[in-house]
Every structure is written in structure tokens, then in C-alpha cells.
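Read through the structure below, which is laid out as C-alpha cells, and then see the notes.
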Amino acid sequence: MITERGDAGVEEAQVIVVGAGPAGSAAAVHLARAGLDVLLLEKSGFPREKVCGDGLTPRSVHQLVRLGVDVNAPGWMRNKGMRWVCEGNTVELEWPRLGSLPDFGLTRTRHDFDDLLAGHARAAGARLRTQVKVTAPLTDRAGHVTGVTAVRGPDEEPVRYLAPLVVAADGASARTALALGLDRDASRPVAAAARRYYRSEARTNDPYLELWADLRCPGSGLDLPGYGWVFPLGDGRVNVGLGALPQQRRRRPVDLRATLDLWLSRMPEDWGLREENADSPLRSAPLPMGLNRRPQYRKGLVLVGDSAGMVSPWSGEGIAQAMESAETAAEIIALALARPAGPRREHALLQYPSEIRRRWGRYYRLGNLAGDLLFSRYGFRPVLHPRVMASPQLMRTLSRLLIHVGDEPARDGVDAVLQTLLRLVPRPNR
């Protein structure tokens with residue numbers, strides 16, 4: 001119910017979700033289905049643009065199915081695996097056929113994707129409020145979050161939204177978390193991504209997500225500390241982009257525009273990836289990765305997705321992690337709100353960072369180490385050595401490690417090897 005207090009509107013709920021990207025909308029869906037009164041606040045309107053590769057792995061597809069999204073509806077482009085390209089060698093890897101995950105991936109632009117997920121949140125019962133820019137968290141005398149302040153609409157009308165819990169899903173900016181002193185771990189690098197759409201009839205229906213690991217940075221001649229991608233969209237276009245860590249040997253960001261131009265000059269002419277076929281400007285965005293903001297819960301504020309730095313340090317994937325963390329957070333919040341306010345509720349909410357560590361702690365710790373020692377220095381070229389690419393078993397193992405898929409208990413030898421490897425990694429304490 002909206003009431004008026006002075007010159008500011010006030011709206012109350014049981015949970016406020018800040019940001020209606022994949023993490024925020026997924027959280028709102030799961031919370032609303034649990035019977036909670038949810039306010040979903042989005043600073044923009046829909047549809048809107050977001051910088052992304054637009055590629056969804058089987059883990060992301062699994063989350064979409066759990067949300068009730070019809071992945072067979074028009075607008076989705078299916079793919080059956082990854083194609084890695086490095087130094088003239090090409091390997092095609094189909095997504096693993098696991099009992100716990102779909103055996104296909106999808107592509108869809110974030111322009112459509114985020115709009116669709118926000119619609120699902122609204123259909124589930126969440127109250128979606130667009131054109132609402134959150135300006136700061138509200139706290140009580142003990143420092144516990146009690147809601148947020150915001151400005152609404154083109155006239156920036158001041159409003160307040162009140163709730164005993166706030167879910168921060170405001171992306172890489174993490175403004176809500178920063179306002180409460182939850183700073184990023186400065187020892188963890190922030191990667192960058194850039195993408196552009198091109199019209200390409202030759203590549204738009206490619207059944208594979210294509211990844212290039214032998215790109216070089218102009219000027220320095222060093223390997224790109226990341227990879228490039230060409231993802232088919234099935235609508236006459238492809239998404240072409242780069243993701244990169246800061247160069248460890250130079251300790252400076254990569255010039256993604258110049259690197260993209262150099263890479264495109266290598267592309268076959270008939271692919272049509274030339275300036276005259278560009279369908280968008282080049283856009284870039286940061287990729288907060290490696291669980292670089294901790295703890296993921298403090299005094300009424302829950303962090304999900306990019307606001308907690310949940311982008312994978314192995315692959316740069318973030319959508320699956322955003323939706324998985326949202327579902328985990330929603331389940332714990334629903335159980336916590338069934339308890340009275342006080343120590344018992346806080347004890348329940350503190351299980352959220354513990355659960356994130358249990359699920360991802362070892363994988364992210366090993367990925368952060370690989371990023372520091374390998375990817376930021378030499379890119380993916382050493383990993384995709386010709387001998388590795390010539391071995392189907394090694395490539396299957398590498399692909400499952402990069403995209404973090406597998407069955408537990410182990411379904412095959414690849415699962416067994418990866419699970420043994422991760423068990424050897426100490427779990428982070430926080």
C-alpha cells in the first residue's frame with residue numbers, strides 16, 4: 001500500500017529487490033512463489049540494452065526451466081556446444097549429457113531476455129517498479145537495513161521503500177552494497193567485456209558458440225588475457241565480443257576496441273563482420289568476478305549476482321551464477337522470514353554466505369589462482385595447446401572445468417577427476 005509521509009511516497013513489502021536483471025528478477029520470482037510480498041525496483045524501463053555475450057550455457061538453461069520460462073518459444077536460438085579456435089586448430093565440443101542439466105545452450109539478446117524475466121517476476125506476484133533509482137539504504141539505530149530511499153520517474157520524485165530485508169541485485173556498480181561499507185576485494189581483478197552486433201547470414205544459425213583463444217593485443221603483441229567470441233542469434237545477426245582480465249605483465253587494462261579491430265581483420269570475408277554490417281555501437285562493461293565482495297549477507301542486506309562479484313573467474317560467465325545465487329538466497333530468505341525478527345532470523349540468514357562457500361568456494365578459489373598465474377599473463381593459448389586440442393578426453397575435461405558442469409556423485413571419469421581436484425582445494429573461510 002502506498003501512503004504519504006511529508007513530500008515522499010512510502011511503499012512497504014516483506015522483501016525489496018534492487019535491480020531487475022537476471023539475478024534480481026530470478027530472486028523476485030522465487031520469493032513471490034514462496035508467498036512473500038516482494039517489491040522489484042529497476043532504475044531503467046524495459047526493454048533495455050545490457051552488455052553481454054548473450055550466450056547461455058546448460059546451467060543457465062536449467063535455471064530458466066526452474067523459473068518456468070518456455071525455452072521452446074520464439075526468440076530463443078539453441079546451440080549444441082562450444083567451438084574452440086586456437087592457432088589454426090578447431091575443436092567442437094557438444095554440451096555434456098548429464099542427468100542434472102539440459103544438453104543444450106541458448107542465445108538471446110539481453111534486450112529481450114531481461115524484459116522476459118522481469119515479466120515472469122511480475123506474473124509470479126512481485127510488484128515491479130521501473131524508472132526507480134535507488135539512492136541509499138535506510139537503516140535503524142543498530143545499523144540494520146530497513147529499506148531504501150529512491151527517486152522515481154523523470155521528475156525524480158523522492159520515495160521510500162520499506163522492508164526488513166533488501167536484496168542487492170544492482171549489478172557491477174554494487175551501489176547498495178558500497179553504501180553499507182561492503183567494499184570490493186582490491187586483490188581480485190575486475191575483467192572487462194565489449195560486444196557489438198553484426199549482420200551475418202553466414203554465421204547467424206551456427207549450432208555452436210565459437211570462442212577464439214589466440215588473439216593478440218595491438219602495440220604490445222601480448223596474448224589477450226581472455227578470449228573472443230562469435231555467438232549466433234538466429235535472427236540474421238551475431239554477437240561478437242571480447243572478455244579480458246587486466247594484463248598482469250603490464251598491469252593495465254586491455255584496449256578492447258583495438259584488439260577487436262585487429263581480430264576482425266582476420267575473419268573470413270564471407271562472414272560479413274565488417275563495419276558496413278555493424279548493427280550496434282561497440283559497448284563495454286566491467287565483469288566483477290571471483291566472489292570479490294564479501295560477506296554476501298550483512299544486517300538485512302543480501303548480495304546476489306554481479307553485486308557480489310559472482311562472475312566465474314574461469315569463463316567470465318555470470319548469468320547462471322546470478323540466477324543460481326538468487327534462488328539460493330530466496331530459499332534462505334523465505335525460511336528466515338518464517339522466524340520472528342531477532343537472533344533466530346539472523347542465524348538463518350547467515351546461512352546464505354555459508355551456502356555460497358559450500359557450493360562455489362573451492363571452484364572460485366582455484367579459478368582465481370588460475371587467473372592470477374595463467375590467464376592474466378598468457379591468456380588461454382597455453383591451455384589450448386595443440387596436444388590438448390588433439391585429445392578429446394582432455395578437451396572434455398577442460399570444457400567442464402571452464403563452465404562448471406558435472407553430476408554428483410560422479411557420472412564418469414571426467415566428473416571424478418574434477419571432483420577430486422576441487423576436494424584438494426581448501427575451502428575459503430569467508
Side-chain angles (χ1 to χ4, degrees), residues 1-2 8-32 34-43 118 121 124-130 132-152 158-183 293-310 322 325-339 341-342 345-353 355-356:
M1 179 179 71
I2 299 179
V10 177
E11 195 168 359
E12 299 184 15
Q14 288 178 286
V15 186
I16 292 168
V17 180
V18 181
S25 289
V29 169
H30 291 298
L31 289 165
L36 298 176
D37 181 19
V38 185
L39 266 170
L40 178 58
L41 309 180
E42 168 56 42
K43 66 180 180 180
R127 289 179 279 152
L128 176 63
R129 303 288 183 259
T130 58
V132 172
K133 182 180 179 181
V134 170
T135 52
L138 290 167
T139 59
D140 60 18
R141 293 180 180 179
H144 196 281
V145 173
T146 59
V148 296
T149 59
V151 291
R152 179 174 59 196
V159 288
R160 292 192 299 167
Y161 299 94
L162 307 180
L165 279 173
V166 172
V167 176
D170 43 1
S173 68
R175 291 188 181 90
T176 310
L178 285 171
L180 283 182
L182 289 167
D183 296 324
R293 201 178 304 278
R294 301 180 299 274
Q296 292 88 25
Y297 170 74
R298 179 187 288 175
K299 292 186 175 182
L301 183 68
V302 179
L303 309 185
V304 295
D306 286 6
S307 68
M310 289 180 173
S325 64
E327 183 178 19
T328 301
E331 180 179 350
I332 290 172
I333 288 170
L335 293 172
L337 289 179
R339 303 181 180 191
R345 180 181 291 178
E346 281 297 297
H347 180 265
L349 291 165
L350 288 170
Q351 300 311 302
Y352 174 60
E355 181 63 14
I356 294 297

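In this chain, numbering begins with 1 at the start of the sequence shown. A quick note: this is a predicted structure, and the numbers were derived from the prediction, not measured.
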Query - From Thr146 atom OG1 to Arg141 atom CZ, the distance as rounded to the nearest 0.5 Å - result: 12.5 Å
Report task. Quick one: pull up CD in Gln296 and CG in Leu301 and give me the separation to the nearest 0.5 Å. Result -> 11.0 Å
Query raised in the report: If you take all heavy atoms of Ala28 and Leu40, which pair is closest and at what distance?
Result: CB-CD2, 4.1 Å
Requested in this report: Quick one: pull up CD in Glu11 and CZ in Arg127 and give me the separation to the nearest 0.5 Å.
Outcome: 4.5 Å
**Report entry** Side chain Thr130, main chain Glu42, donor-acceptor under 3.5 Å
**Finding:** no
Query raised in the report: More than 12 non-hydrogen atoms from neighbouring residues, nucleotides or ligands closer than 6.0 Å to CD on Glu346, yes or no?
Result: yes
Requested in this report: Please report the shortest heavy-atom distance between Val134 and Ala150, naming the atom on each side.
Outcome: CA-CB, 3.8 Å
Query - Exercise: identify the closest heavy-atom pair between Lys43 and Arg175 - result: NZ-NH1, 3.6 Å
Requested in this report: Locate the shortest heavy-atom distance separating Ala121 from Ser25; write the atom from each residue and the value.
Outcome: CB-O, 3.8 Å
Report task. Starting at OG1 of Thr135, measure out to CZ of Arg160 and round the result to the nearest 0.5 Å. Result -> 11.5 Å
Report summary line: Nearest heavy-atom approach of Ala142 to Lys299 is O-NZ, 3.4 Å
Requested in this report: Taking Glu12 for its side chain and Leu162 for its backbone only, find out whether a donor-acceptor pair lies under 3.5 Å.
Outcome: no
Query raised in the report: If only atom types and distance count, is the side chain of Tyr297 paired as donor or acceptor with the main-chain N or O of Gln351 below 3.5 Å?
Result: no
Query raised in the report: Is there a side-chain contact between Glu355 and Glu331 (heavy atoms, below 4.5 Å)?
Result: no
Query - Sub-4.5 Å side-chain heavy-atom contact between Thr149 and Pro158 - result: no
Query raised in the report: What distance separates Thr328 OG1 from Ile333 CD1, expressed to the nearest 0.5 Å?
Result: 10.5 Å
Report task. Would you confirm whether Ser325, through its side chain, and Ala322, through its main-chain N or O, come within 3.5 Å as a donor-acceptor pair? Result -> yes
Query raised in the report: Which heavy-atom pair separates Ile16 from Gly147 by the least distance, and what is that distance?
Result: CD1-CA, 4.1 Å
Query raised in the report: Is there side-chain contact between Val302 and Val15, with heavy atoms separated by less than 4.5 Å?
Result: no
**Report entry** Worked verdict on Met310 versus Ile356 for side chain to side chain contact (heavy atoms under 4.5 Å, CB included)
**Finding:** CA-CA 10 Å; Met310 289 180 173; Ile356 294 297; 4.0 Å; yes
Query raised in the report: When Asp170 is tested against each of Leu41, Leu303, Leu178, Val18 for side chain to side chain contact (heavy atoms under 4.5 Å, CB included), which residue passes?
Result: Val18
Report task. May I ask you to decide if Gly143's main-chain N or O and Asp140's side chain share a donor-acceptor pair within less than 3.5 Å? Result -> yes
Report task. List the steps, then state whether side chain to side chain contact (heavy atoms under 4.5 Å, CB included) holds for Leu165 with Leu349. Result -> CA-CA 10 Å; Leu165 279 173; Leu349 291 165; 3.7 Å; yes
Query raised in the report: Taking side chain as C-beta onward, heavy atoms only, is Leu180 less than 4.5 Å from Thr139?
Result: yes
Report task. Could you tell me whether a side-chain N or O of Arg293 sits under 3.5 Å from a main-chain N or O of Leu182, the two making a donor and an acceptor? Result -> yes
Query raised in the report: Does any N or O in the side chain of Ser307 come within less than 3.5 Å of the main-chain N or O of Ala168, such that one atom is a donor and the other an acceptor?
Result: yes
